[in-house]
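What follows is one structure encoded as structure tokens, with my remarks underneath.
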Amino acid sequence: STAIIHAAPKTTSSIFSKSISKDAGRTSYRGLLEIAKGAAESRGLKLGDALQPIRRVLTGTTVSEPVNELLAVVGRDESLARLERALAGR
């Protein structure tokens with residue numbers, strides 16, 4: 001399943017996902033990075049500036065692995081829960 005959070009006004013998104021995993025292989029979803037890029041550009045920001053708050057919400061720090069790897073490690077449900085709490089100001 002997929003969830004989209006539009007944190008910037010007047011943004012849209014498209015999700016394209018295709019993966020194959022064999023013998024307990026691992027697949028990760030990079031859609032959030034594309035959405036973040038579009039949201040950043042709609043605000044006149046660079047992608048890195050948009051990903052810093054996401055990294056901070058996921059890890060509590062501004063220094064970490066790439067955000068797409070964090071999303072895979074933290075997991076979809078927990079990542080969304082942390083992002084939703086941050087957007088709600090909790």
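Every heavy atom of this structure was used, including side-chain atoms; hydrogens, water molecules and symmetry mates were not.
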Quiz item: Of all residues at least two apart in sequence or in a different chain, which pass the salt bridge (Lys or Arg N to Asp or Glu O under 4.0 Å) check with Glu65?
Solution: none

Quiz item: Listed by chain and number, what are the side chain to side chain contact (heavy atoms under 4.5 Å, CB included) partners of Pro66, not counting sequence neighbours?
Solution: Asn68, Glu69

Exercise. Mind listing the closest non-hydrogen atom pair of Val63 and Arg55 along with its distance?
Key: N-CD, 4.1 Å

Practice problem: Check whether Val74 and Leu51 end up in the same hydrophobic cluster, where Ile, Leu, Val, Met, Phe, Trp and Tyr are linked by side-chain heavy atoms less than 4.5 Å apart. | Solution: no

Practice problem: To the nearest 0.5 angstrom, please state how far the CG atom of Leu47 sits from the CD atom of Glu41. | Solution: 8.0 Å

Practice problem: Under the salt bridge (Lys or Arg N to Asp or Glu O under 4.0 Å) rule, collect the residues that match up with Arg56, sequence neighbours excluded. | Solution: none

Exercise. Ignoring hydrogens and angles, tell me if any N or O in the side chain of Arg82 forms a donor-acceptor pair with the backbone of Leu58 under 3.5 Å.
Key: yes

Quiz prompt | Reported CD-to-CG distance for the pair Glu78 and Leu83, which is rounded to 0.5 angstrom | solution = 10.0 Å

Self-check item: Any residue meeting side chain to side chain donor-acceptor pair (under 3.5 Å) with Thr59, in chain and number order, not counting sequence neighbours
Solution: none

Quiz prompt | Joint cluster assignment, Leu45 & Ile54, ILVMFWY side-chain distance < 4.5 Å | solution = no

